[in-house]
Structures are given as C-alpha cells and as structure tokens.
Amino acid sequence: MFALTGIGRLVTNDPRHDSGLLGVIENAGLVADTSGRITWVGPSREISSHTDVEPTHVGGRCVIPGFVDSHTHLVFAGDRAEEFEARMSGRPYSAGGIRTTMAATRSASNDMLRDNVSRLASEALASGTTTIEVKSGYGLSVADEERSLVAASATTTETTFLGAHVVPPGVDADDYVAEVSGPMLEACASHARWIDVFCDRGAFDVDQARHILRAGAAKGLGMRMHANQLQPGGGVALGVELGVASCDHCTHLTDRDVEALSSTNGLTVATLLPTAELCTRSPFPDARRLIDAGVTVALASDCNPGSSYTTSMPLAISLGVISMHMTCDEALWAATAGGAKALRRDDIGVLKSGARADLLVLDAPSHIHLAYRPGVAQIGAVVRDGRVVVGSL
Ligand code: NIG
Ligand code: FE
C-alpha cells in the first residue's frame, strides 16, 4: 500500500473534480494498492476511511501525474555535438544528419545500445518522465532495426518501429520502401507496438508513408507519424486519413490541416516538440491555433542526438507556455494526459481510481512553477507504480 496526505494541490486531470482542465483537488490525499494502482483520491480529511496504512505527509507540496513522453529516439550511439556547434554558427538543420548517427549505431554492440537507452530513460525519469515511448530509426537495415527495438524493449513497452526514418546511403528509395514494409517489418513487428514514418523533405513522401503505415497496421501495429516538421506538406492530411494516433511536430500547418486534425475529435493528437524547434532555431508550432480549433495537443521531448538532445519534459512545458502561448494548465495537461492520449492509454497521465500510481511530488506549491522557473530542478520525488523511484517524500 502507498498513501500520501497533505498534498496542497493535487492535479488529477480528472474533470470530475473541478471546472478546469486539470481536475485539481486542494488539501488532498491519495491511496494506491500493492500492485501500484490508485484506489482513491480525495480530500485529506477522508483518507483514514480508505487505507489502513499511515499516510506520508508531503507538507503541502503539489502532486501531478508523471510526464508521458510520447516521442523519443533513444536508440542510438555516438552524438552530434559538432553538428550542433556548426548549426549554432549558421549551418541549417537537415534530415541528412540522421545518417551520421546511423553509422555510429550500426557499429555499436547490442549492450551499448541497450545501455544508452537505459541511461537516457533514467535521465528522463529523474526529471519526471514515468512513461516513455522509444523509436528505432538509426539502424536502417533489417538486423539493425530489429536489434534497436530489442534494445528499446528492455526499457519500455511503448516501442515504435521507425525503419522509415530516412533512406540509407546507397540504397534506392523504392527498394528501401519495399524492404521497410516487407522483411524489415516482418523482423520488427513482434518487438514494436507502433509504426512511424518521417514524412517530410529529405525523408519519405506521402505515398511512400501511406504504403509503409498501412503495411504496419496490417501487421497489428498502431500508426503514428512525423509530419509537417520541416515544411508544409501532405503528412498531416495523410495522418488524419489513416486515423493515426498522433501527428508529431506539426510545425508548418495550413488551415485545412488544422481543420482535419480538429475533425478527428481527439482521435489523432497533434504532438508538439518545441525543444526540436529550440535546438534547430526554427519557428515554434502554433499551439494556440491548434488548441483554439479544438485539436488535442500533446507535448513531448523528441529526444534524439540531432535535433533535440534533451529528455526534459519540464523544458517542453516552459517553452509551451513562454514561447507557444499555451496556458500553464494546457501545457501540463499536454505533457501528461495529452501524451497518454497520443499513446492511446487511459491508465497513465491521470490520477484517479484504477490508474497507475505514477506521480511527481514537486518542490513547489503549484504546477505553474514548472513554466515559471525554466531550467530549475523542482521534482522532489518520482513515484512509479506506487513506489518512490527518484528522490524522497
Ligand atoms: O524528430 N524528424 C525526424 N527525426 C528526428 C531527428 C533525428 C535526427 O536529426 O537525428 C526528429 O527531429
Ligand atoms: Fe522525432
């Protein structure tokens, strides 16, 4: 059993508790069972009727759901610090850098790949990420994509096959599309929950993306995609046509794209990755336009060695609020419940009976401080499945 009391503000993301987005309960308590599922949330004064254990008093601090990072590329070797330095001196970002990481990844051992995923997932956990999606996409051969997904599976069940990241050097694009949707998919499907395609300039076009995503769906994988990151194009329209769980980036959208996303009523989430725009000095996606049109928005880190080498969801929240004009409530919701929707999960991103006891005790009185104090570590404790895994209560 796990029980907390003295929570100054408990963000549940359960709209039954108040009229706002975050379902806040003031002076709250929370109880979880031995399997790490929440059995009760409510006013502190009622906690003794819901548990026999002595609850831990958190001294009025704020408790929020653990962050759900629904978009990362953690399976890789090496880094691209020199590319970053050159970019900061004016060289533009391009998808071609992916091939540099491909070479390093192919020459890394299975243990090195697995350890790198685990190291970065631990780094993410320390800043509050309790669920993380991890993509392949730097192997780009049957064997290297398969072992990338095996490496990812050692850390998370939210694994994504991204053989269609770019066409590897020296390979014909049509041949590669056939390989990704044939033998590579065959080898990778049992290690993945999702299939993703980078549909953009320098990567795959709409017809190639449709072919690959449909092949993945036929193998039982859920669909998600990188769309409209580098330029406007047909990625988002395709995502809506196919009913993908999430269109990620959404940096360059037409009114028609926004309407299409809105028409899905949340079935297709727009996942925004502002640290990628930060680290590539690109314009931020227009979160306000999406939210005001009724689109369900998630925030994620896009952690990868090229365009966004950070695991920090608090940074994504700060940018969401400060640079993208999301409210503090919208940004927190997007980094928790929004990420859960992008992964089509209802057991995470929310603190209610039946959900997993994945939560953060902030060293702050409210979630506003996450955006208000950019770059400051404010996670006092991380609880996953009802157990303290980082910090202390
Ligand atoms: O999401 N857009 C495609 N993939 C990554 C970039 C990967 C890289 O540059 O290595 C992204 O930004
Ligand atoms: Fe990405």
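Just follow the structure's listing: the first ligand is 1, and inside any ligand the first atom is 1.
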Decide if atom [atom1] of [X] counts as having more than 12 heavy atoms of other residues, nucleotides or ligands within a radius under 6.0 Å.
{"X": "Asp18", "atom1": "CG", "value": "yes"}
{"X": "Asp175", "atom1": "CG", "value": "yes"}
{"X": "Arg119", "atom1": "CZ", "value": "yes"}

Shortest protein contact, [atom] (heavy atom only):
{"atom": "atom 4 (N) of ligand 1", "answer": "His165 NE2, 2.8 Å"}
{"atom": "atom 11 (C) of ligand 1", "answer": "Asp302 OD2, 3.1 Å"}
{"atom": "atom 6 (C) of ligand 1", "answer": "Tyr93 OH, 3.1 Å"}
{"atom": "atom 12 (O) of ligand 1", "answer": "Ser307 OG, 2.6 Å"}
{"atom": "atom 2 (N) of ligand 1", "answer": "Gln229 OE1, 2.7 Å"}

- Task: Nearest 0.5 Å please: distance from the SG atom of Cys250 over to the CG atom of Asp257.
- Result: 8.0 Å
- Query: Can you tell me how far the OG atom of Ser307 sits from the CD1 atom of Ile98, to the nearest 0.5 Å?
  - Reply: 8.0 Å
- Task: Could you say whether the N/O atoms of Thr101 and ligand 1 ever approach to under 3.5 Å?
- Result: no
Considering only heavy atoms of [X], which atoms of ligand 1 have at least one such atom less than 4.0 Å away?
{"X": "His226", "answer": "1 (O), 2 (N), 3 (C), 4 (N)"}
{"X": "His71", "answer": "1 (O)"}
{"X": "His249", "answer": "1 (O), 2 (N), 11 (C), 12 (O)"}

For N/O/S atoms only: which one belongs to [X] and is nearest the Fe ion (ligand 2)?
{"X": "Asp302", "value": "OD1"}
{"X": "His73", "value": "NE2"}
{"X": "His226", "value": "NE2"}

- Task: Using the six-membered ring wherever Trp is involved, compare the ring planes of His50 and Trp40 and label them parallel, tilted or perpendicular (cut-offs 30° and 60°).
- Result: parallel
- Query: Is Ala276 touching ligand 1 with its side chain, its backbone, both, or neither, if touching means heavy atoms under 4.0 Å apart?
  - Reply: neither
- Query: Any ion pair linking Arg384 and Asp358 (charged N to carboxylate O, less than 4.0 Å)?
  - Reply: no
- Query: Heavy atom of Tyr138 under 4.0 Å from ligand 1?
  - Reply: yes
- Query: Within His71, is some N, O or S atom less than 2.8 Å away from the Fe ion (ligand 2)?
  - Reply: yes
- Message: side-chain hydrogen bond (donor to acceptor under 3.5 Å, both in side chains), that's the test. Do His325 and Asp286 meet it? Break it down for me.
- Response: CA-CA 8 Å; His325 303 271; Asp286 192 342; over 6 Å; no
- Query: Do you see a donor-acceptor pair shorter than 3.5 Å between the side chains of Thr160 and Glu133?
  - Reply: yes
- Task: Go through the steps for Thr72 and Asp302 under the test side-chain hydrogen bond (donor to acceptor under 3.5 Å, both in side chains), then give the verdict.
- Result: CA-CA 4 Å; Thr72 80; Asp302 196 18; over 6 Å; no
